[in-house]
Amino acid sequence: MLWGSLSVVVNIAMFYLFNSIFGVEYQISNLLAWVFSVQTAFWVDKLLVFKHASDHPFRDMGKFYGTRVFTYILEAVILYVGISLLSFHPTITKVIGHGLAVIGNYFFSKWFIFNNKAHTKA
């Protein structure tokens, strides 16, 4: 839980920085925050959370990004509904959307990416 919190902090902080400080549009801020946090999450999950040894880290990274695209789209829709349609505060909406994405991301990582039972060195 501690290590998973790191990517959440990176994501929310980067979103806030780009959107609130630099005035970048919220969907672009979300995309930039996503890239930073997914890269952080990949290495933290691979090395510290799941302790996944692999001879193919870039293949693992591709699968990791692939599953994260689904939760990114979910979060982007939540941001659109919350900010554009309901006029909610951008950072609060981001926290809600990202909270739901984090739950999905954990299960995707556990079941599909860092599943040591399916791991082969070939």
Side-chain angles (χ1 to χ4, degrees):
M1 188 121 155
L2 171 71
W3 295 118
S5 299
L6 179 63
S7 67
V8 170
V9 169
V10 168
N11 191 291
I12 301 298
M14 296 306 288
F15 178 82
Y16 179 81
L17 178 72
F18 287 120
N19 183 253
S20 297
I21 304 298
F22 296 137
V24 177
E25 193 269 337
Y26 74 87
Q27 290 290 11
I28 295 170
S29 295
N30 187 45
L31 177 62
L32 294 169
W34 179 80
V35 170
F36 280 98
S37 68
V38 170
Q39 198 53 224
T40 300
F42 173 75
W43 292 107
V44 167
D45 286 0
K46 178 176 177 45
L47 300 174
L48 302 172
V49 175
F50 298 107
K51 296 176 177 56
H52 181 74
S54 173
D55 293 337
H56 306 286
F58 291 107
R59 181 172 52 189
D60 294 341
M61 189 181 297
K63 290 182 347 186
F64 192 82
Y65 268 85
T67 61
R68 292 304 199 265
V69 167
F70 173 77
T71 55
Y72 168 77
I73 292 169
L74 171 69
E75 190 173 342
V77 169
I78 290 169
L79 287 176
Y80 174 74
V81 170
I83 297 169
S84 293
L85 299 182
L86 300 176
S87 300
F88 291 160
H89 188 276
T91 304
I92 293 170
T93 305
K94 171 68 175 174
V95 169
I96 294 167
H98 193 63
L100 295 173
V102 165
I103 294 167
N105 290 339
Y106 174 79
F107 288 106
F108 280 134
S109 290
K110 183 173 178 67
W111 295 332
F112 299 115
I113 299 153
F114 300 120
N115 180 347
N116 285 320
K117 289 183 275 183
H119 170 67
T120 61
K121 290 202 175 217

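In this text, all values refer to a predicted model and were calculated from it rather than measured experimentally. Note that these values count all heavy atoms, side chains included, but never hydrogens, waters or copies made by symmetry. Numbers here simply count residues along the sequence, with the first being 1.
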Which atom of Val38 lies closest to which atom of Phe64, heavy atoms considered: O-CE2, 3.4 Å
Nearest heavy atoms of Trp34 and Val69, plus distance in Å: CZ2-N, 4.0 Å
Test side-chain contact (heavy atoms from CB on, under 4.5 Å) applied to Val102 - qualifying residues, sequence neighbours left out: Val8, His98
Pairing residues for Ile83 by the side-chain contact (heavy atoms from CB on, under 4.5 Å) criterion, not counting sequence neighbours: Tyr26, Leu79, Pro90, Thr93
Trace of the side chain to side chain contact (heavy atoms under 4.5 Å, CB included) decision for Phe15 with Val95: CA-CA 10 Å; Phe15 178 82; Val95 169; over 6 Å; no
I need the [X] [atom1] to [Y] [atom2] distance, nearest 0.5 Å.
| X | Y | atom1 | atom2 | answer |
| --- | --- | --- | --- | --- |
| Leu47 | Phe42 | CG | CZ | 8.0 Å |
| Phe70 | Glu75 | CZ | CD | 12.5 Å |
| Thr71 | Ile78 | OG1 | CD1 | 10.0 Å |
| Tyr65 | Gln39 | OH | CD | 4.0 Å |
| Ile96 | Ile92 | CD1 | CD1 | 7.5 Å |
| Glu25 | Leu32 | CD | CG | 10.5 Å |

Residue list, side chain to side chain donor-acceptor pair (under 3.5 Å) with Gln27, at least two apart or on another chain: none
With sequence neighbours excluded, residues passing side chain to side chain donor-acceptor pair (under 3.5 Å) with Thr40: none
In one Ile/Leu/Val/Met/Phe/Trp/Tyr side-chain cluster, 4.5 Å: Val77, Leu100: no
Shared hydrophobic cluster for Met14 and Val24 (ILVMFWY, side-chain gaps under 4.5 Å): yes
Pairs satisfying side chain to side chain donor-acceptor pair (under 3.5 Å), at least one member in residues 9-23, at least two apart: Asn11-Ser37, Asn11-Lys94
Derivation and outcome, side chain to side chain contact (heavy atoms under 4.5 Å, CB included), residues Met61 and Trp43: CA-CA 9 Å; Met61 189 181 297; Trp43 292 107; 3.6 Å; yes
Residues which pass ring-ring contact (aromatic ring centres under 6.0 Å, His included) with Phe107, listed by chain and number, not counting sequence neighbours: Trp111
